[in-house]
Number of protein chains: 2
Amino acid sequence: MEKYVSVLKRTRLFAGVTEAEIAAMLSCLDAKLRAYKKGEYVLRQGEHLDRITVLVGGSLHIQKDDYWGNRAIIQRIAVGEMFGEAYIAPESGALPHDVVAIEDSIVMLFDLRRMMTVCSSACRFHATVVHNLFFAISEKNRKLVQKLGHISKRSTREKLISYLSEEAKKQSSASFTIPFNRQQLADFLSVDRSAMSNELCKMRDEGLLEFDKNAFKLLQGEE
Amino acid sequence: MEKYVSVLKRTRLFAGVTEAEIAAMLSCLDAKLRAYKKGEYVLRQGEHLDRITVLVGGSLHIQKDDYWGNRAIIQRIAVGEMFGEAYIAPESGALPHDVVAIEDSIVMLFDLRRMMTVCSSACRFHATVVHNLFFAISEKNRKLVQKLGHISKRSTREKLISYLSEEAKKQSSASFTIPFNRQQLADFLSVDRSAMSNELCKMRDEGLLEFDKNAFKLLQGEE
DNA sequence: TTTTCCTCGTTGTAAAAACAACAGACTTGT
DNA sequence: ACAAGTCTGTTGTTTTTACAACGAGGAAAA
């Protein structure tokens, strides 16, 4: 448990709290660890949640498959991010999607009530965490809006440009790698893989970008 | 100001707080009122927010227009809902979209710090509001995911079915009205208006649904 | 090492969406 | 009451996407 304190330290949820303080809070928050193998389901559609979950190792996809096998990747969860937090509210129904481990992953769970209620003496920084909880879910919210911005573009090319530009911006470089393979990127942008692959190559031939597997480089006057 | 206390009473943000208590909290939260005419901008892309905003009258669209005049309606805000709350966090940049009044509207603003920090004696129910703040933003989060579910459908027909089914479910009836005209619905689902109109009529001719302006009725074995 | 599996690009075809343009019904404002 | 403007459906054309199928290359497994 303690080996993940340094990971928690860098999360939005525990921003401004020292490692010693985090370590002290773990029991107060009734923290628990779960490990998942690559491909395993961390959460399944239909489940009811009552705990705050933070990924402390590996990576996850929040995804949904329909009757015909079409997969939609709603969000990718990287180390340090929360997930499922929007479905803890009492009035929210069951989880409407699956959460799957993309590689071997470690998840830490916290008791929501204890996290939201400032306790007595032991945890002086508990109030900070309550604030952080709001800011962390705000961050998720902004990411969803950003994703909406990508997939609400009309054409595959625009979706790609929107996504890749943001990724370049996020990594502060015209050269960057993405955390998806082609099929996953297509599922994320909700387009057909082969059509997307085709469009990528056209863009490459037009000199808009270069790529090799997951490594991309945007050319021309990108801002 | 006091005339809107009954509205606030029914919001997620003030759930479990009596009207008398809300009235008492207004000054503590440094509440302020703003009025907007139909068509006016409530917030503009690029602004920096530092207050919690709740719509207490009218209706708003959160939308974004691109260079070519394509409009994307990200979300519709109804009375009692918060908006912009995800962009109050210190690390969030400027607001990436506009907020526009669709009809004459009234907005109430609250001080975030005072809302998040439990004060001394006066506001006993302040702690409840802190919890509610989290649940309210959770609700927004779920709505965004739901919207993602609609527009990540591949075809216009599927997008329509996804949206209309949800609306029927929300209003607990196969007959319901939607808060959009055709152009707005198209901008919301990010499809072309005429193509969507065409598809709607095809679906009507196939006996899937009936409609008259904003009133829809789903037919056949809808669940 | 060999075999199997997975990823990625490529092509052709069929289906669907975007686009443009217009007419009729209805609203709004004067 | 009239004129201007808006909303909606409709049609035909062009562009784009989805779909299906396959082969090359590389990675993983036997």
Side-chain angles (χ1 to χ4, degrees), chain A residues 37-39 61 66-73 100 102-104 150-164 177-206 208-216, chain B residues 37-39 61 66-73 100 102-104 150-164 177-206 208-216:
Chain A
K37 291 273 175 215
K38 174 178 178 176
H61 278 181
D66 68 15
Y67 302 109
W68 300 274
N70 294 316
R71 169 164 297 171
I73 296 178
V100 181
I102 298 306
E103 47 188 326
D104 291 359
H150 300 147
I151 70 173
S152 65
K153 291 284 189 298
R154 301 297 164 88
S155 67
T156 300
R157 173 171 297 214
E158 277 183 299
K159 289 176 189 177
L160 282 167
I161 290 175
S162 178
Y163 170 73
L164 294 174
T177 61
I178 64 172
F180 296 122
N181 64 29
R182 295 291 183 277
Q183 183 64 61
Q184 291 170 338
L185 180 57
D187 290 342
F188 184 77
L189 298 177
S190 59
V191 294
D192 178 74
R193 181 197 61 80
S194 68
M196 185 192 78
S197 188
N198 202 298
E199 194 66 32
L200 270 175
C201 292
K202 273 193 220 165
M203 290 165 77
R204 181 193 53 198
D205 296 344
E206 292 175 26
L208 290 174
L209 48 76
E210 292 170 358
F211 59 87
D212 178 49
K213 309 227 176 181
N214 296 350
F216 286 76
Chain B
K37 292 271 175 218
K38 174 178 178 175
H61 279 181
D66 68 14
Y67 303 109
W68 301 274
N70 294 315
R71 169 165 296 172
I73 296 178
V100 181
I102 297 307
E103 49 188 324
D104 292 358
H150 300 147
I151 69 174
S152 65
K153 292 282 189 296
R154 303 294 165 86
S155 67
T156 299
R157 173 171 295 212
E158 277 184 298
K159 289 176 188 175
L160 283 168
I161 291 174
S162 178
Y163 170 73
L164 294 174
T177 61
I178 64 172
F180 296 121
N181 64 28
R182 294 289 182 277
Q183 183 63 61
Q184 291 170 338
L185 180 57
D187 290 341
F188 184 76
L189 298 178
S190 60
V191 295
D192 178 74
R193 180 196 62 78
S194 69
M196 186 192 76
S197 188
N198 201 299
E199 194 65 33
L200 271 175
C201 293
K202 273 193 220 165
M203 290 165 78
R204 180 193 53 198
D205 296 344
E206 291 175 26
L208 290 175
L209 48 76
E210 293 170 357
F211 58 87
D212 178 49
K213 307 225 177 186
N214 296 351
F216 287 77

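Every chain is numbered from 1, with letters handed out A, B, ... down the list of sequences. Reckoned from all heavy atoms, side chains included, excluding hydrogens, waters and symmetry mates.
- The nucleotide range of DNA chain C contacted by chain B, defined by atoms under 4.0 angstrom from heavy atoms of the protein and reported 5' to 3', is C/dA17 to C/dC26.
- When side chains are defined from C-beta on, A/I102 does not count as touching A/K38, because their heavy atoms never get closer than 4.5 Å.
- Scored by the salt bridge (charged side-chain N to carboxylate O under 4.0 Å, His left out) test, B/E210 finds no partners at all (sequence neighbours excluded).
- Once rounded to the nearest 0.5 Å, the distance linking CD of A/Q184 with CZ of A/R193 reads 12.5 Å.
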What's touching nucleotides 10-17 of chain D from the protein side, N or O pairs under 3.5 Å?
| unit_1 | atom_1 | unit_2 | atom_2 | d |
| --- | --- | --- | --- | --- |
| D/dT17 | OP1 | A/T156 | N | 2.5 |
| D/dT17 | OP1 | A/T156 | OG1 | 3.3 |

Please write out each protein N/O paired with an N/O of nucleotides 25-27 of chain D under 3.5 Å, distance rounded to 0.1 Å.
none

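- When the side-chain contact (heavy atoms from CB on, under 4.5 Å) test is applied to A/K202, the partners found at least two apart in sequence or on another chain are A/R157, A/N198, A/E199, A/E206.
- Looking at every heavy atom in both residues, A/R154 comes nearest to B/D192 through NH1-N, 4.2 Å.
- Residues B/K153 and B/I161 form no side-chain contact, since every pair of their non-hydrogen atoms from C-beta on lies 4.5 Å or further apart.
- Protein atom CH2 of A/W68 is 12 Å distant from nucleotide atom P of D/dC19, rounded to whole Å.
- The end-to-end axis angle of the helix from C/dT1-D/dA30 to C/dT30-D/dA1, rounded to 10 degrees and based on five pairs per end, is 60°.
- Aromatic ring pairs are classed by plane angle as parallel below 30°, tilted from 30° to 60° and perpendicular above 60°; the pair A/F180 and A/H61 is tilted.
- In this structure, B/F188 and A/S152 have side chains that are not in contact, with every pair of non-hydrogen atoms separated by 4.5 Å or more.
- Taking the side chain as every heavy atom from C-beta outward, B/L200 and B/T156 never approach each other to under 4.5 Å.
- The distance from atom CD1 of B/I178 to atom CZ of B/F211, rounded to the nearest 0.5 Å, is 10.0 Å.
- Shown here for B/H150 and B/L189, the closest heavy-atom pair between the two residues is CB-CD2, 4.2 Å.
- A/N214 approaches A/N181 most closely through the heavy-atom pair OD1-CA, 4.1 Å.
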